[in-house]
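Notes follow the structure.
Nothing here was measured: the structure is a model prediction, and the numbers come from that model.
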Amino acid sequence: MSLIETHNRIPLSTLRETYLPSTPRPPEPSHSITLETIKTLSAETFKACFDLVQECKDMYKRTMGWSATAKKREMRHPAMRYLILSAEGSGGKTVAGFLSFMITEEDECEVVYCYELHLVQEARSRGLGRILVEIMEGFGKRVGVEKVMLTVFLENEGARRFYSRLGYVRDDFTPDDVVGRNGRVRKVAYEILSKGLKD
């Protein structure tokens, strides 16, 4: 059985105890981070996560195309893991952001792939996104995969700067621009970034 298959069979309680033993605390006591799977996400939390993704649908339309049905199907993949950032306020606990990732294989390499990272406006520029990424990286190290990979839109300059500051670089798996028969170049609108996890 492969590392990926073995990992995907591990119960959530074991994942929390074994792979997140030293989860960094958010800088503010009103925030908390929990590890979830699609089976343990409430319908309300899933909707909150999807609504955050949907805020970027115009960017999707300009680049890779947008389908709400396809995106929900991807988000509901049984191997998808979620780091849910919650905020406690006067109205109770709400979703302030999330990071979704999966232990998978890319180009014959076992990796942790970051699918989504989104924060509500009020939670941005406060170090919370960095903490979510660091938790995911620590998770990948403990699982034993070689690196983290993710996709970022070229037009999303803020995200590209964010990942660059965290040590992510353009991966060779990024597709090349396509030259058509008429000689016109169709530029790829995204790039694959990666960061090694092996010492």
Side-chain angles (χ1 to χ4, degrees), residues 8 33 35-87 94-107 111-126 128-130 132-133 135-136 140 147-166 168-182 184-195:
N8 288 337
I33 298 171
L35 174 67
E36 306 290 345
T37 68
I38 189 59
K39 288 184 178 180
T40 63
L41 279 186
S42 67
E44 181 181 7
T45 300
F46 180 85
K47 182 181 183 304
C49 291
F50 179 75
D51 288 346
L52 283 172
V53 175
Q54 196 163 224
E55 290 180 6
C56 299
K57 69 179 181 181
D58 289 340
M59 195 178 298
Y60 272 96
K61 288 178 180 178
R62 291 191 297 269
T63 53
M64 305 172 73
W66 171 259
S67 166
T69 300
K71 177 54 69 174
K72 286 181 178 179
R73 186 185 309 118
E74 176 188 273
M75 292 175 68
R76 289 191 173 109
H77 191 287
M80 195 70 75
R81 313 300 187 209
Y82 286 82
L83 292 170
I84 302 296
L85 174 68
S86 299
T94 59
V95 175
F98 79 100
L99 183 152
S100 61
F101 65 96
M102 188 187 302
I103 302 299
T104 185
E105 183 176 89
E106 290 289 342
D107 198 25
V111 305
V112 52
Y113 207 105
C114 178
Y115 279 78
E116 306 286 348
L117 172 57
H118 300 274
L119 299 172
V120 298
Q121 187 64 45
E122 299 77 16
R124 295 171 189 170
S125 301
R126 294 162 72 172
L128 296 166
R130 174 183 54 79
L132 289 172
V133 171
I135 294 172
M136 174 191 63
K147 60 183 178 179
V148 180
M149 296 180 71
L150 58 92
T151 303
V152 63
F153 298 131
L154 293 180
E155 69 175 84
N156 194 345
E157 296 180 359
R160 294 172 70 194
R161 288 194 298 270
F162 169 76
Y163 287 116
S164 177
R165 288 196 298 268
L166 295 181
Y168 286 79
V169 297
R170 181 183 174 94
D171 192 89
D172 292 339
F173 202 53
T174 300
D176 296 323
D177 295 335
V178 178
V179 180
R181 293 181 179 179
N182 59 4
R184 291 183 179 177
V185 178
R186 189 174 75 234
K187 290 189 172 295
V188 175
Y190 63 91
E191 63 181 347
I192 309 297
L193 303 181
S194 65
K195 178 179 180 179

Report task. Would you indicate whether the side-chain heavy atoms of Phe162 and Leu117 approach each other to under 4.5 Å? Result -> yes
Report task. Check for a donor-acceptor pair, side chain of Arg130 on one end and backbone N or O of Arg126 on the other, with a separation under 3.5 Å. Result -> no
Requested in this report: Would you mind checking if Glu191 and Arg160 are paired as a salt bridge, meaning a charged N to carboxylate O distance below 4.0 Å?
Outcome: yes
Query - Sub-4.5 Å side-chain heavy-atom contact between Val169 and Asp171 - result: no
Query - Gly140 to Val112 - nearest heavy-atom pair and separation - result: CA-CG1, 4.2 Å
Query raised in the report: Atom OG in Ser67, atom NZ in Lys57: separation rounded to 0.5 Å?
Result: 11.5 Å
Query raised in the report: Just by modelled atom types, is the Glu36 backbone N or O under 3.5 Å from a matching donor or acceptor in the Arg81 side chain?
Result: no
Requested in this report: Return yes if some donor-acceptor pair links the side-chain N/O of Thr45 with the main-chain N/O of Leu41 below 3.5 Å, else return no.
Outcome: no
Query raised in the report: Does a side-chain N-to-carboxylate-O contact under 4.0 Å join Glu74 and Lys71?
Result: yes
**Report entry** Heavy-atom pair of closest approach, residues Arg170 and Pro175
**Finding:** NH2-O, 4.1 Å
Query - Identified ring-ring contact (aromatic ring centres under 6.0 Å, His included) partner of Phe153 from the options Tyr60, Tyr163, Tyr190 - result: Tyr60
Report summary line: All heavy atoms of Cys114 vs all of Phe101, minimum pair found to be CA-CB, 4.2 Å
Report task. Inspect the contact between Glu155 and Arg62 and indicate whether a charged nitrogen and a carboxylate oxygen are less than 4.0 angstrom apart. Result -> yes
Query raised in the report: Looking at side-chain heavy atoms only, is the closest gap between Asp58 and Trp66 below 4.5 Å?
Result: no
Query raised in the report: Which pair of non-hydrogen atoms, one from Pro78 and one from Ile38, has the smallest distance, and what is that distance?
Result: CA-CG2, 4.1 Å
Query raised in the report: Only one of Leu99, Leu132, Val95, Leu52 forms a side-chain contact (heavy atoms from CB on, under 4.5 Å) with Leu119, so which one is it?
Result: Leu132
Report summary line: dist Lys147:NZ -> Ser194:OG (nearest 0.5 Å) comes out at 4.5 Å
Query raised in the report: Considering only heavy atoms from C-beta outward, does the side chain of Leu193 approach that of Ser164 to under 4.5 Å?
Result: no
Query raised in the report: Would you find more than 12 non-hydrogen atoms of other residues, nucleotides or ligands less than 6.0 Å from Asp172 atom CG?
Result: no
Query raised in the report: If you round to the nearest 0.5 Å, how far is OH of Tyr113 from CD of Glu106?
Result: 5.5 Å
Query raised in the report: Any sub-3.5 Å donor-acceptor pair from Thr174's side-chain atoms to Ile192's backbone N or O?
Result: yes
Query - Test item: Lys195 side-chain N/O and Leu166 main-chain N/O as donor-acceptor pair under 3.5 Å - result: yes
Query raised in the report: Hey, does Phe98 have a side-chain heavy atom less than 4.5 Å from the side chain of Leu85?
Result: no
Query raised in the report: Is any side-chain heavy atom of Val111 less than 4.5 Å from a side-chain heavy atom of Val148?
Result: no
Report task. Answer yes or no for Arg76 and Phe46: cation-pi contact, defined as NZ/CZ to six-membered ring centre under 6.0 Å and angle to ring axis within 45°. Result -> yes
Query - Residue from Lys61, His118, Glu116 passing side-chain contact (heavy atoms from CB on, under 4.5 Å) with Cys56 - result: His118
